[in-house]
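Notes follow the structure.
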Amino acid sequence: MIRVNQIKVPLSHRQEDILYKTAKILRIAPEKILSWQIVKKSIDARKKPEIMVIYSVDVHVEAQDKVLRGCKSAQAQAVTTKPYRFPKAGEEPFPHRPVIVGSGPAGLFCGYLLARHGYKPLILERGRCVEDRQKDVERFWQNGVLDFSSNVQFGEGGAGTFSDGKLNTLVKDKYGRNGEVLRIFVENGAPEQILYEAKPHIGTDILCRVVHNMREQINAWGGEVRFETQVTDLCCQADQITGVVINSGERIDCGVVVLAIGHSARDTFEMLNGKQIPMEAKSFAVGLRMEHPRRLIDRMQYGTEENPFLPAASYKVTAQTSSGRGVYSFCMCPGGYVVNASSEQGRLAVNGMSYSSRSGENSNSAMIVTVTPEDYGDDSPLAGIAFQRKLEEKAYQIGRGAVPVETYGDYRQAVTGQLPEASVINREYPDFVPAVKGACQMAAVHDILPDELNQALVEGIDLIGQRVAGFADSGAYLSGIESRTSSPVRIIRDKTGQSRLRGLYPCGEGAGYAGGIMSAAMDGMTVAEKIGMRYQSDAQLRGKNCPSLNDEKTLRLEPVEKNS
């Protein structure tokens, strides 16, 4: 197979334009290309307004070596790709089926792989199924009545379900897990372009359907998912887990428990701490959601506000402050909404969300600053949770239960004492108002964070504004508090993936080993592999052939035929 990189075409290109440009680079006729497949697509907006689309394409041709010698182009080279492979099963028999606690990306993908390979996992989810969860969340945004077991943080799909659905990651991946996660998403209803887009996303609306389909497939493979089932205790004997107790009082016997509880399961962290499961406080980040008009962000990135061939623009910005703290954007939501993401009484947290179309009037991102255990004022493993809760209590009080919002000009004046400059946003976008899911009101957002963090955010945003015209505009909106960026706790595990309590596998973002949908899903796959390498599957124990272990076609994406 030959990979051809840096294929530049205009925004208004057709599919056959990619094929013809590829053939031109290879110096062959288009009909000589037997099949081809897009492997990467990105937008090049460096030379505004001349914006180009850049592709990398894998092609199959006859006499590949001869074609490579003839084209003499650094854009083309021979490549070999290996499909993701689940490891060969171990020899140890399972005394009971594996139990997975949590159905966020980590638990869902761990369960998906184990089910596909014959292990028949039992997934226990404290919240409701995604269909009911959607209704509960919408009801909360409309009337403010919070369901503590079914909300933006808890329920099938995890906290990432009500987000932008970003599927890019910085995790280095030599085993093919990243591509396999995307392939599984497509297998369950996501659009195929996520396989090759440089910054793939699917949005909350599509992600909900994909999560539902994955659950149905797990059930079809012999697994089971139970909702409104919270693990309240662990049973153990001689440092080996022997079972879990759920909220109904039932004990479920098991020798393997995957702990994929998510970053907001604070009561579960307290239970684990009481059981003396080794944990430690870790750094995470806190900050505020910053909103701009979507058209302004489009103009910043593309040089134009209206182009039917361009998606809503995204950005990623960072700044190093004089205090040594880094300020950076997180979970950017083009054409999206700020959402009330609370999960506890008397405490308020926000997040960002987009639908697949990204067609909202505003774009937002969390502007956050890193905090470390030294900031918590306590050496407890759960000190970071206490730190989060204090900020969330302030946000709730300041907003009187609604999401508190403040213009950046007012926020900056309160922090620095300097009067705000005239707002370009107010002049050019007079209809710009906060786009918030849930009740919101103007309030003193500057009173939520400690002074040191407020100072860092202002300095960081101003530095970014010097590089990106309009970013630090006084008319932008800030809302808070963004406190659930990642887990403030790490549950210690060894190279086998297990806690000191053997058979307990801490997994995903809540355990402190991931940050986002993709990395959490990949960590869930990693834990599934470690379990698979140790134990025999139910199918093997019964002497049955498991097609998913042997059918190579289920693990390989077939190339796109030319002109398709």
Side-chain angles (χ1 to χ4, degrees), residues 164 285-302 305 312-319 321 327-340 350-354 358 360-369 395 398-399 402-438 440-449 453-482 485:
D164 185 62
V286 297
L288 305 169
R289 279 275 151 186
M290 190 168 194
E291 288 186 88
H292 298 88
R294 174 174 55 83
R295 290 181 294 155
L296 175 64
I297 299 299
D298 289 351
R299 190 170 74 192
M300 289 178 187
Q301 298 298 79
Y302 299 141
E305 292 186 4
S314 63
Y315 61 77
K316 184 177 182 180
V317 291
T318 64
T321 67
V327 173
Y328 56 99
S329 60
F330 171 80
C331 188
M332 197 268 156
C333 299
Y337 303 86
V338 175
V339 304
N340 189 330
V350 298
N351 194 11
M353 184 192 86
S354 293
R358 287 179 164 177
E361 292 297 319
N362 295 359
S363 291
N364 72 76
S365 177
M367 296 303 299
I368 55 177
V369 58
I398 288 168
V403 173
V405 181
E406 186 172 32
T407 66
Y408 180 61
D410 289 345
Y411 174 83
R412 189 179 186 280
Q413 181 180 2
V415 173
T416 67
Q418 300 173 353
L419 291 174
E421 297 179 359
S423 168
V424 174
I425 289 177
N426 291 345
R427 183 176 70 249
E428 297 188 8
Y429 305 93
D431 296 330
F432 175 57
V433 295
V436 179
K437 293 284 189 178
C440 68
Q441 69 172 29
M442 303 304 292
V445 172
H446 58 268
D447 283 338
I448 301 174
L449 288 165
L453 299 186
N454 277 331
Q455 293 282 353
L457 281 173
V458 168
E459 184 180 347
I461 291 171
D462 284 354
L463 286 170
I464 294 165
Q466 293 172 16
R467 304 192 304 266
V468 184
F471 188 85
D473 190 276
S474 62
Y477 290 114
L478 295 177
S479 54
I481 177 80
E482 179 90 17
T485 57

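Between F471 and H292, the angle of the ring planes lies from 30° to 60°, which puts this pair in the tilted group.
Nearest heavy-atom pair, G360 versus R294, reported as atom, atom and distance to 0.1 Å: O-NE, 2.6 Å. Between P334 and S354, the closest heavy-atom pair is O-OG, 3.2 Å. The shortest heavy-atom contact between G352 and N364 is CA-OD1, 3.9 Å. Heavy-atom minimum distance, T318 versus R467: O-NH2, 2.5 Å. Closest heavy-atom contact between A285 and I368: CB-CD1, 3.6 Å. The two residues I398 and P404 make their nearest non-hydrogen contact at CG2-CB, 4.1 Å.
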N340 and K437: CA distance, side-chain angles, deciding distance, side-chain contact (heavy atoms from CB on, under 4.5 Å) verdict: CA-CA 6 Å; N340 189 330; K437 293 284 189 178; over 6 Å; no

Check your understanding: Please walk me through it: do Y429 and R295 pass side-chain contact (heavy atoms from CB on, under 4.5 Å)?
Key -> CA-CA 9 Å; Y429 305 93; R295 290 181 294 155; 3.3 Å; yes

Point to revise | side-chain contact (heavy atoms from CB on, under 4.5 Å) between L457 and Y411, worked out | key: CA-CA 10 Å; L457 281 173; Y411 174 83; 3.7 Å; yes

Item to complete: For E428 and L296, run side-chain contact (heavy atoms from CB on, under 4.5 Å): C-alpha distance rounded to whole Å, both residues' side-chain angles, the deciding distance at 0.1 Å, then the answer.
Response: CA-CA 9 Å; E428 297 188 8; L296 175 64; 5.7 Å; no

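Rounding to the nearest 0.5 Å gives a distance of 6.0 Å between CZ of R289 and OG of S365. Remark: I297 CD1 to S314 OG distance equals 10.0 Å, nearest 0.5 Å. To the nearest 0.5 Å, the span separating CD1 on I464 from CE on M367 amounts to 3.5 Å. Rounding to the nearest 0.5 Å places CD1 of I448 at 12.0 Å from CG of L453.
Applying the ring pair (Phe, Tyr, Trp, His ring centres under 6.0 Å) test to F330 and every residue at least two apart in sequence or in another chain returns nothing.
Counting heavy atoms from C-beta outward, D473 and E421 have side chains that stay 4.5 Å or more apart. Residues D164 and M332 have side chains not in contact (no heavy-atom distance under 4.5 Å, counting atoms from C-beta outward). Within the 4.5 Å cutoff, the side chain of F432 has heavy atoms near those of the N362 side chain. You'll find the side chain of R412 reaches within 4.5 Å of the side chain of D462, heavy atoms only. Two residues are said to be in side-chain contact when any heavy atoms from C-beta on lie closer than 4.5 Å; T407 and M442 meet this criterion. Annotation: side chain of Q413 is in contact with side chain of L419 (closest heavy-atom distance under 4.5 Å). Side-chain atoms of L288 and E482, non-hydrogen and from C-beta on, never get closer than 4.5 Å to each other. In this structure, the side chains of I481 and L449 come closer than 4.5 Å at one or more pairs of heavy atoms.
Of the possible donor and acceptor atoms, none in the side chain of N426 sits under 3.5 Å from a partner among the backbone N and O of G475. For S329 (side chain) and V317 (main-chain N/O), a donor-acceptor pair under 3.5 Å exists by modelled atom type. For D298 (side chain) and A312 (main-chain N/O), no donor-acceptor pair under 3.5 Å exists by modelled atom type. Proximity of a side-chain donor or acceptor of E406 to a complementary backbone N or O of H446 within less than 3.5 Å is detected.
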